Amino acid sequence: MLSMPFMQRALLAALLTGLLAPSIGTYIVQRRLSLLGDGLGHVAIAGVGLAFITSTSPLIMAVVVAVLGALLIETLRQRGQASGDVGLAILFYGGLATGVLLAGAAGAGTGTLSQYLFGSLTTVTGDDLVLIMVLGAIVLIPAIGLAPQLFAVCSDEEYAKVLGLPVRFLNYLIVVLAAITVTLAMRTVGLLLVSALMVVPVAAAQNAVRGFHKTMLTAMGVGAVAAVGGAVGSWYADLAPGALIVVVAIAVFVISWPLGKLLRRRRQQAELPDEGPVAAHQTTPTHPHVHSPDCEHLAVRHGSHVDYVHDGHLHAEHGDHYDEH
């Protein structure tokens with residue numbers, strides 16, 4: 001298998017896609033927009049159809065159209081002119097219909113369009129691989145380098161504004177990176193399945209680990225294993241690589257579910273402190289000091305009386321409770 005140049009390119013493209021898709025998918029899941037990848041994938045179909053009409057590179061044209069669509073829908077969302085559901089519906093149906101119409105007008109058959117819809121990993125050319133590597137670096141560097149800022153925006157926009165972060169710019173950056181990632185994955189798993197590679201590894205990572213950074217790194221590992229494993233499996237089993245990659249990712253998620261529950265149970269047991277026997281209260285026998293508002297001790301009101309707190313860690317009985325002195 002490794003002696004075949006087309007399989008070498010296919011494995012490299014699968015590895016890069018498996019790393020990129022979950023890295024951006026972590027932010028998409030955090031924003032509760034798991035279906036955004038599907039919407040952007042449908043917009044990218046319009047770019048592929050436009051490339052057939054203009055006789056240009058489908059990958060480059062898909063990137064341009066998907067980025068423009070992502071910027072448009074984010075602008076509408078920020079201005080309050082379209083909700084998330086309405087925006088995704090526009091992406092789904094408008095992009096898909098436009099892409100199919102343009103492809104038909106260009107004389108491209110369904111077989112030509114299907115390699116972008118469901119992936120055609122073994123047809124990746126050397127130029128495609130170079131472009132995937134360049135655009136992959138453009139996506140991965142800010143996705144990892146700006147992780148704290150992007151996480152803050154995805155978690156709580158108002159809090160991010162309080163911190164002084166450029167929330168609007170970071171929101172645009174997230175959707176642009178997602179659009180580029182979707183189009184890069186169209187030759188690996190296809191535009192109709194790319195959302196699964198963005199979301200499923202993240203869900204599997206969330207079952208196994210805690211913390212944003214650990215989740216992202218684990219999701220990238222799961223994505224890389226699923227992408228390379230699916231590509232290798234498709235070679236030996238003679239199956240569609242894109243579909244097999246998604247099935248492998250889902251299988252990892254299914255395995256991570258009970259495994260994650262077991263790990264969480266063990267963590268909880270390990271985190272319970274062994275406090276030993278509980279020490280009894282040490283009660284002060286006498287307290288000759290007379291408290292007053294001017295004695296500089298902390299005054300704590302308890303119902304109808306005031307307790308004064310100071311050093312010593314002894315306890316004085318006050319009715320049904322103890323006060324520490």
Side-chain angles (χ1 to χ4, degrees), residues 17 20-21 24-25 28-29 31-77 81-121 123-124 128 131-132 135 139 172 174-200 240-247 249-250:
T17 305
L20 291 174
I24 299 302
I28 299 301
V29 172
R31 290 185 64 178
R32 295 178 174 85
L33 289 174
S34 298
L35 294 179
L36 180 63
D38 275 334
L40 294 175
H42 285 69
V43 168
I45 295 173
V48 174
L50 185 61
F52 290 158
I53 290 286
T54 58
S55 300
T56 56
S57 170
L59 183 57
I60 295 177
M61 189 60 69
V63 169
V64 173
V65 172
V67 168
L68 291 177
L71 292 174
L72 174 61
I73 199 62
E74 180 62 23
T75 300
L76 294 176
R77 187 193 70 84
Q81 297 177 2
S83 66
D85 291 340
V86 173
L88 288 177
I90 295 173
L91 290 174
F92 267 67
Y93 306 119
L96 179 60
T98 303
V100 172
L101 287 176
L102 291 177
T110 56
T112 303
L113 190 60
S114 66
Q115 66 178 330
Y116 299 99
L117 298 178
F118 303 103
S120 182
L121 188 58
T123 62
V124 174
D128 290 337
L131 187 58
I132 290 174
L135 294 178
V139 171
Y172 279 119
I174 290 173
V175 296
V176 168
L177 295 179
I180 296 174
T181 302
V182 165
T183 52
L184 291 181
M186 72 180 183
R187 300 302 298 272
T188 308
V189 296
L191 295 173
L192 297 183
L193 297 175
V194 61
S195 185
L197 195 58
M198 297 176 70
V199 174
V200 176
L244 187 56
I245 288 172
V246 173
V247 169
I250 294 175

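The structure displayed is predicted, hence computed values, not measured ones.
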>> For residues 60-74, which residue pairs pass the salt bridge (charged side-chain N to carboxylate O under 4.0 Å, His left out) check, not counting sequence neighbours?
In response: Arg31-Glu74, Glu74-Arg77
>> Under the salt bridge (charged side-chain N to carboxylate O under 4.0 Å, His left out) definition, can you give me all pairs with a residue in residues 43-61, not counting sequence neighbours?
In response: none
How many angstroms lie between atom [atom1] of [X] and atom [atom2] of [Y], to the nearest 0.5 angstrom?
X      : Y      : atom1 : atom2 : answer
Leu177 : Leu20  : CG    : CG    : 10.0 Å
Leu193 : Ile245 : CG    : CD1   : 9.5 Å
Thr183 : Ile45  : OG1   : CD1   : 12.5 Å
Ile53  : Leu101 : CD1   : CG    : 10.0 Å

> What residues, two or more places apart in sequence or in another chain, satisfy side-chain hydrogen bond (donor to acceptor under 3.5 Å, both in side chains) together with Thr17?
Replying inline: Thr188
> By side-chain hydrogen bond (donor to acceptor under 3.5 Å, both in side chains), which residues pair with Ser57, not counting sequence neighbours?
Replying inline: none
Which pair of non-hydrogen atoms, one from [X] and one from [Y], has the smallest distance, and what is that distance?
X      : Y      : answer
Leu131 : Leu184 : O-CD2, 4.4 Å
Thr181 : Ile24  : OG1-CG1, 3.5 Å
Ile28  : Ala178 : CD1-CB, 4.1 Å
Val189 : Val194 : CG2-CA, 3.6 Å
Val124 : Leu121 : CG2-O, 3.2 Å

> Stepwise, does the side chain to side chain contact (heavy atoms under 4.5 Å, CB included) test hold for Val29 with Met198?
Replying inline: CA-CA 9 Å; Val29 172; Met198 297 176 70; over 6 Å; no
>> Please enumerate all residues that pass side-chain contact (heavy atoms from CB on, under 4.5 Å) together with Val200, with sequence neighbours excluded.
In response: Ala196, Ala249, Ile250, Phe253
Which pairs of donor and acceptor atoms, one on a side chain in residues 59-71, lie under 3.5 Å apart (sequence neighbours left out)?
none

